[in-house]
2 protein chains.
Amino acid sequence: MASHGARGRSGGRPTLEEVAARAGVGRGTVSRVINGSPRVSDATRAAVEAAVAELGYVPNTAARALAANRTDAIALVVPEPETRFFAEPYFSDMLRGVGSELSETEMQLLLIFAGSDRERRRLAQYLAAHRVDGVLLVSVHADDPLPDLLAQLEIPAVISGPRSAGETLTSVDSDNYGGARSAVEHLLSRGRTRIAHITGRLDVYGAKRRVDGYRDALRDAGREVDELLVEPGDFTEEGGRRAMSVLLDRRPDLDAVFAGSDVMAAGARQVLREAGRRIPDDVALVGYDDSAIARHMDPPLTSVRQPIEEMGRAMIDLLLTEIADRRPPTSRGLERQHAVLPTQLVARASS
Amino acid sequence: MASHGARGRSGGRPTLEEVAARAGVGRGTVSRVINGSPRVSDATRAAVEAAVAELGYVPNTAARALAANRTDAIALVVPEPETRFFAEPYFSDMLRGVGSELSETEMQLLLIFAGSDRERRRLAQYLAAHRVDGVLLVSVHADDPLPDLLAQLEIPAVISGPRSAGETLTSVDSDNYGGARSAVEHLLSRGRTRIAHITGRLDVYGAKRRVDGYRDALRDAGREVDELLVEPGDFTEEGGRRAMSVLLDRRPDLDAVFAGSDVMAAGARQVLREAGRRIPDDVALVGYDDSAIARHMDPPLTSVRQPIEEMGRAMIDLLLTEIADRRPPTSRGLERQHAVLPTQLVARASS
DNA sequence: ATCACTCATGGGAGCGCTCCCACAGTACCT
DNA sequence: AGGTACTGTGGGAGCGCTCCCATGAGTGAT
C-alpha cells in the first residue's frame, strides 16, 4: 500500500531513534513532528517527514501509551447481549454516527458487550486497567452500577439516555418530551379528542418524559388529562397488546392511541383490528422510534424519529472534550453537559 | 465491584514494584505469579496474590505490550460496509462463535470495518503498527490485497472461506463440496432426475466447490451431467431470477433446482411461480445457507446449513496457535492449515 | 556592545513491564 | 567430599516512546 523503503533492514520496525538519525536531528524533534507540534522549523519538519517516509516509520502505540499515559482508544459499551445489538437498528445507527465522527481522529473504537455477568466482570477489569481513554455508554438501565463505576474511576464517559433528571454523567438524549408533544399535537390537529397513551417502562427516564410531553400537550390545548386513557406498557409487542385491551375496555370511545414505541404500536394495532376498529378511520395510531416496523406496518405507521446517528456524533464530541480536559468535569468543579437533540414527527397513513 | 484496598494511596495505580515491596519479594517473582509461571513456590505465590488483592493491582497493558512485544488483542476484519455487517446474520453468528471462544482467554477482540478506501488505508496503518497480534478475515473477495499484506507483514491471520485451493493463509471453511453433494443426493432420493443448478459467483472459491459437489453427486449416482442444466448466478435475487428463466427456457422439463444460495432460490421461486410451476410438486427447490429467508419462504425452503458459529470458534483456535508460535507457519517451513467443517441439510417443504 | 527574551533543538529521565542472567540453596549422584 | 543438576529468586537491562529541562542561536531594545 504505502512505499515501505528500507523496512526491516536491521530486523524489526524502525524506531523514533532511527528516524532521528536518518534525518540528522534529535529524538525530541522527530517526536514533535510526529505529534504535529508547531515548534519545529519548516526545513526540519520536511527532513523528518522524508525520513519517516523512507523508513516506513509507524509509531509504536504501546510505547506511546506507556510514556504518555493515554491509549488513544475509547470503548462503546453495550450493556446488552449481542443478539439485541444486532436485532435493533438503534445500535447500528449509533455505531455509524460514532464511527463517522471518530474517523476524523486518531482514536480507535472498541466495541464491548457487557450482557452477561461474566462479561461485566471482564469489563470492570478492563476499565480498572484504564485500557481506554473514555467510554460511551448506550442503553443503560436505571439500576446499572456501570455509570457509578466509571465516575469512581474518573474515566471520562458519556451516556446516551440519562438515567434521571439528575444524571451524574455527561449525557446525550433526544427530546423525548418534545417528541411526545409533537405526536399528541399532531393527533389533536387531526381532530382527535380522546387520545390514549401506552407508555414505555416507567423506570426508563425517556419513557417518563414522553408521558410528561403527552400530558402537557393535552393541557396546553385546554384538555383535561383522562387518567383512564394512560396505560403502562413495557416496550414489547405483548405489552402493547395488553395495554390496548385494557384501554379499549375502559374507554371504548377512544379515537387515537399514542404508543411509546413502534413495537408496542404494532401490538396495539393487532388488538384494534381484532376489535374491528379501522386504522386510521376509527382510531388513529402513532408510534415512536420510526423503526423499520413503522414503515412496513399496514397501514404505515406515523412515528417520532430520533436522530440516533447524530446522537452518536454528539456523544463523541462531548467525550473527546472531556478526554482532552483529562478528567470528568465534575472533578474540576464544572457542570456536566446534557445535550438534547430534536426529534421529528414522520406522518404516515396511520393517523 | 472488587475490593480496592489501598488504591491511589500514592496518587496513581499500584505498580509491579509496589506489589513486590508489599509482598516482600522481587519484581521478577511478582511478574512470574501474574503470568502464571510454575517456577514459584506455593508460599511465595500466596504472598504475592495477597499483595495483589490488597493493593487492587491491575497490570499496565501498555507497559506489558512494550516489554513483551505483543498486544493481547486480535482484530476481526470485515472488508464490507457496516450496513452489510448488520444486515447479514452470517456476521453476528460468526461474532458469537469468535466471542465465546475468546472469552476463555485474556485476548481482546477488535472489530474493524474496512469497507471504504479510507477505512482500508487506516487498516493498513493499523496493521503496519502491529497493533494486534493476529487477524481474522471474513468475507474476502478473490482480488482483495489484504491477505497478501498480512502475509507480507508476517502477521498471523486466519481467513474464513479460502480464496482458492492454494490459499496461502490459514483458512477455515465449511464443506461446500459435501454440502452441495448432500443437496443433490437429497433431490435424487426424492426421485428427481433432471436437477438444475444455479451457481454462485464463480470467482468465489466456495461457489466453485459447490458446482463440483453437484457434478460429482450426479456422476456417482450414474447420471450424466447435462451442462444445459447449469447456469451461473451471482448470489443476488435478481441473478437467481435471471438464471431460472434461462434454465426454464433451455430445459422446460427440469424437475428440481439446487440454488447456490437461499437468496438466489428466492429469485428462482418467483420465476417458477410465474411460469405456473408448483413447488415442490412440479419442481423441487433447494437453497444454501439456511438463512432466515429459507424458514420464511412459502413453502419453507430446504437448505444447506453451515456451522458458522463453530467456524468462528475454529478460526480463533487456529489463530491462537499461530500466535503462540509467534509467526505464520509458512515462514517456519510448516504447512498452512485448512480446516473444513461439515454442513447439514435441513429438509423442508420445498423438496 | 549588552541584556532580555524567544525559539528551535538535543537528549536525559522515566513510564511499568518482561526477559534473562546470576546466584544461593537444596538434592542427588559418584 | 566433590561434582552436577536442578529450583526458586532478585534485579539489571531494555522495550520505544513523551516530557521537560538545558542549550545555543537569533532578535530587538537599550
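Atom set for the values below is all heavy atoms of this structure, side chains included, hydrogens, waters and symmetry mates excluded.
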Return the 5'-most residue of the pair A:Gly28, B:Val58 with respect to DNA chain C, ranking by each residue's nearest nucleotide. A:Gly28

Expressed as a whole number of angstroms, how long is the span from [X]:[atom1] to [N]:[atom2]?
X       : N      : atom1 : atom2 : result
B:Asn35 : C:dC20 : CG    : C1'   : 14 Å
A:Glu17 : C:dG10 : CD    : P     : 12 Å
A:Arg13 : D:dC15 : CZ    : P     : 14 Å
A:Leu66 : C:dC15 : CG    : P     : 9 Å
B:Ile34 : C:dC19 : CD1   : P     : 14 Å
B:Arg39 : D:dG10 : CZ    : C1'   : 15 Å
A:Asn69 : D:dG16 : CG    : P     : 20 Å
A:Asp72 : D:dC17 : CG    : P     : 14 Å

Closest approach of B:Leu55 and B:Arg22, non-hydrogen atoms and distance?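 Nearest heavy atoms, B:Leu55 then B:Arg22: CD2-NH1, 3.9 Å.
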
Which nucleotide in the list [options] gets nearest to the side chain of [X]?
X       : options                : result
B:Thr15 : D:dG10, C:dC17, D:dC17 : C:dC17
B:Tyr57 : C:dC17, D:dT9, C:dG14  : C:dC17
B:Ala68 : C:dC19, D:dT9, C:dG14  : C:dC19
A:Arg32 : D:dT9, C:dG11, C:dC17  : C:dG11
B:Arg64 : C:dG10, D:dC17, C:dT18 : C:dT18
A:Leu16 : D:dT18, D:dG10, C:dC7  : D:dT18

State, without any angle test, whether [X] and [Y] hold a side-chain donor-acceptor pair at a distance under 3.5 Å.
X        : Y        : answer
B:Thr168 : B:Arg163 : yes
B:Ser100 : B:Ser103 : no
B:Glu322 : B:Thr170 : yes

Would you indicate, yes or no, if [N] has its OP1 or OP2 atom less than 4.0 angstrom from a side-chain nitrogen or oxygen of [X]?
X       : N      : value
B:Ser41 : D:dT7  : no
B:Thr29 : D:dT9  : no
B:Ser31 : C:dT18 : yes

Checking all strands, does A:Arg27 fall into the base, sugar-phosphate, or nothing category for heavy-atom contacts under 4.0 angstrom?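 Base, at least one base heavy atom under 4.0 Å.
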
Applying the ring pair (Phe, Tyr, Trp, His ring centres under 6.0 Å) test to A:Phe91, which of A:Phe85, A:Phe86, A:Phe113 qualifies?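 Single pass found, and it is A:Phe85.
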
